[in-house]
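Worth saying up front: this structure is predicted, and the values here are computed from it rather than measured. Basis for what follows: all heavy atoms, side chains included, without hydrogens, waters or symmetry-related copies. Protein chains get the first letters and strands the later ones, always in sequence-line order, with residue 1 at the start of each.
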Protein chains: 2
Amino acid sequence: MEHLKLDNQLCFPIYAASRLITSVYRPMLEELSLTYPQYLVLLVLWEKESATVKELGEKLWLDSGTLTPLLKRMQEKELVLRTRDKADERVVNITLTEAGKQLKNKASDIPNQLISCMNMEIEQAVQLRNQLQALLTNHSNPI
Amino acid sequence: MEHLKLDNQLCFPIYAASRLITSVYRPMLEELSLTYPQYLVLLVLWEKESATVKELGEKLWLDSGTLTPLLKRMQEKELVLRTRDKADERVVNITLTEAGKQLKNKASDIPNQLISCMNMEIEQAVQLRNQLQALLTNHSNPI
DNA sequence: TAAAATTAAATTGTGTACAATATATTTGAA
DNA sequence: TTCAAATATATTGTACACAATTTAATTTTA
């Protein structure tokens, strides 16, 4: 039963680290009136300008049950527009408003702030990221 | 702005890995009618037999706003008892019921199933865990 | 081409997370 | 000793996550 000890688990540190990181982000993102998942949506849109709900879901591994209400809240804050695709009415296109685009400037220092809060060497962070990305691609039960 | 690219982030893989892992646990835990956080509570209690809400919160980094309703659900499922401490009425002691103790046998193979689902070498998993534990202890903004 | 299958979002319901606040109890200092 | 501060838990409110189902539109196929 040694494997059932909390300290021996790999999964608990991942779960704890994930919540730690969003808690470190929270005060920074609060200044932009954003939650961490909303910030992730903006990271995608700052690269792509426009994306469908499906595309956002594939990049962030979130389903419409999570994204639909989240995107509605972002629309209420006038960060994005949600428009049905003319060519395929099933699809909803998410595009940045001017305010949504401008927020990128305000957010530009967040990654550096994060790194310094975590007290991590860059090489260590890169190595950890690579291991996690391996974990994400290797598991035999894709979501 | 290179740091604002999703692929360059450390935090997104941690967030994604955390959700991936709970999604791998979910079908296994569903057979025990448990959620992942409920399973974590049992991991603590299988080691300690009894703990206060505060102790559970310290081990799992969760507050009473999360734990109180979670523990009430576990009590409804008759896995734990919640009893006010006689010596200090502020404290609530959480103890395992017989059913809660017995569940440990049913859960004994879950860690192995998990590892095999993740397609990871043990050494790799240990290294990743150590890096995450370093991250958890090193950050300068403790929760 | 009309019905069946597929697809994309939305909806519903349950269970975390967590900030902020409230309540009740205990401790400690004047 | 008494009242203010501290402590432990509970409550309230907001926002994810995600399974399961529904709705509407498109594509496939008989």
Side-chain angles (χ1 to χ4, degrees), chain A residues 12 15-27 29-30 33-41 51-58 60-77 79-80 82-94 141-143, chain B residues 12 15-27 29-41 51-58 60-77 79-80 82-94 141-143:
Chain A
F12 176 65
Y15 165 77
S18 176
R19 290 190 296 120
L20 170 63
I21 281 176
T22 58
S23 81
V24 174
Y25 268 113
R26 192 168 294 114
L29 292 176
E30 213 151 68
S33 300
L34 290 174
T35 64
Y36 181 64
Q38 290 170 15
Y39 171 69
L40 292 178
V41 166
T52 66
V53 173
K54 180 180 155 66
E55 284 166 349
L56 289 172
E58 282 167 354
L60 305 179
W61 301 15
L62 293 169
D63 69 7
S64 70
T66 301
L67 286 172
T68 297
L70 184 155
L71 293 167
K72 282 183 178 174
R73 284 188 285 271
M74 292 182 76
Q75 186 176 39
E76 277 168 30
K77 290 190 280 198
L79 296 174
V80 300
R82 298 163 62 249
T83 46
R84 286 276 164 192
D85 193 299
K86 279 287 194 306
D88 185 341
E89 291 273 357
R90 292 171 302 182
V91 173
V92 169
N93 290 305
I94 309 298
N141 183 20
I143 54 172
Chain B
F12 176 65
Y15 164 77
S18 176
R19 290 191 295 118
L20 170 62
I21 282 176
T22 58
S23 81
V24 173
Y25 268 112
R26 191 167 296 112
L29 292 176
E30 212 152 69
E31 293 182 32
L32 314 183
S33 299
L34 290 175
T35 64
Y36 182 62
Q38 290 170 13
Y39 171 68
L40 292 178
V41 167
T52 67
V53 174
K54 179 180 156 66
E55 284 166 348
L56 289 172
E58 282 167 354
L60 305 179
W61 302 15
L62 294 168
D63 69 6
S64 70
T66 301
L67 285 172
T68 296
L70 184 155
L71 293 167
K72 283 183 179 174
R73 283 188 283 273
M74 291 181 76
Q75 186 176 41
E76 277 168 29
K77 287 190 283 198
L79 296 173
V80 300
R82 298 163 62 249
T83 46
R84 287 277 164 189
D85 192 299
K86 278 287 194 305
D88 185 342
E89 289 274 356
R90 292 172 302 183
V91 174
V92 170
N93 290 305
I94 310 298
N141 182 21
I143 52 172

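With a 4.5 Å cut-off on side-chain heavy atoms, B:I94 and B:V53 count as touching. For the pair B:L40/A:F12, a side-chain contact is recorded, criterion being any heavy-atom separation below 4.5 Å from C-beta on.
Take A:E89 and apply the salt bridge (Lys or Arg N to Asp or Glu O under 4.0 Å) test, not counting sequence neighbours, and it matches no residue. For B:E55, the side-chain contact (heavy atoms from CB on, under 4.5 Å) partners two or more places apart in sequence, or in a different chain, are B:K48, B:A51, B:T52. The salt bridge (Lys or Arg N to Asp or Glu O under 4.0 Å) check on A:D88 picks up A:R90, with sequence neighbours excluded. Residues meeting the ring-ring contact (aromatic ring centres under 6.0 Å, His included) test with B:Y39, sequence neighbours left out: B:Y25.
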Problem - Dot-bracket line, read 5' to 3' along DNA chain D, where crossing pairs take [ ] and | marks a partner on another strand, Watson-Crick or G-U under 3.5 Å - result: ||||||||||||||||||||||||||||||
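Between B:E30 atom CD and D:dC18 atom P the separation is 13 Å, expressed in whole Å. In this structure, the CD atom of B:Q75 is 15 Å from the P atom of C:dG15, given to the nearest Å. We find that OH of B:Y25 is positioned 17 Å from P of D:dA19, with the value rounded to whole Å. Rounding to whole angstrom units, CG of residue B:D63 and P of D:dT7 are separated by 17 Å. Between the CG atom of B:L20 and the P atom of D:dA17 there is a distance of 14 Å, rounded to whole Å. Summarising the geometry, the separation between CG on B:L32 and C1' on C:dG15 is reported as 17 Å, rounded to the nearest angstrom. For the pair A:R26 CZ and C:dA20 C1', the computed distance is 13 Å after rounding to whole Å. Counting to the nearest Å, the P atom of D:dC18 and the OH atom of B:Y36 are 14 Å from each other.
Checking the phosphate oxygens (OP1, OP2) of D:dA17, a side-chain nitrogen or oxygen of B:Y15 falls inside 4.0 Å.
No donor-acceptor distance shorter than 3.5 angstrom exists from the side chain of A:R26 to the backbone of A:Y36, with no hydrogens or angles considered.
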Fill in the blank from the handout: Counting primed atoms, P, OP1 and OP2 as sugar-phosphate and everything else as base, the B/S/- map of nucleotides 9-15 of chain D against protein heavy atoms under 4.0 Å is BBB---S
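Between atom CG of residue B:D85 and atom CG of residue B:N93 there is a gap of 4.5 Å, rounded to the nearest 0.5 Å.
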Donor-acceptor contacts, no H, no angles, side chain residues 65-76 of chain B, under 3.5 Å, sequence neighbours left out:
{"from": "B:T66", "atom 1": "OG1", "to": "B:D63", "atom 2": "OD1", "distance (Å)": "3.4"}
{"from": "B:T68", "atom 1": "OG1", "to": "B:S64", "atom 2": "O", "distance (Å)": "3.0"}
{"from": "B:Q75", "atom 1": "OE1", "to": "B:R82", "atom 2": "NH1", "distance (Å)": "3.2"}

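The residue among B:T22 and B:A87 whose nearest nucleotide of DNA chain C lies closer to the 5′ end is B:T22.
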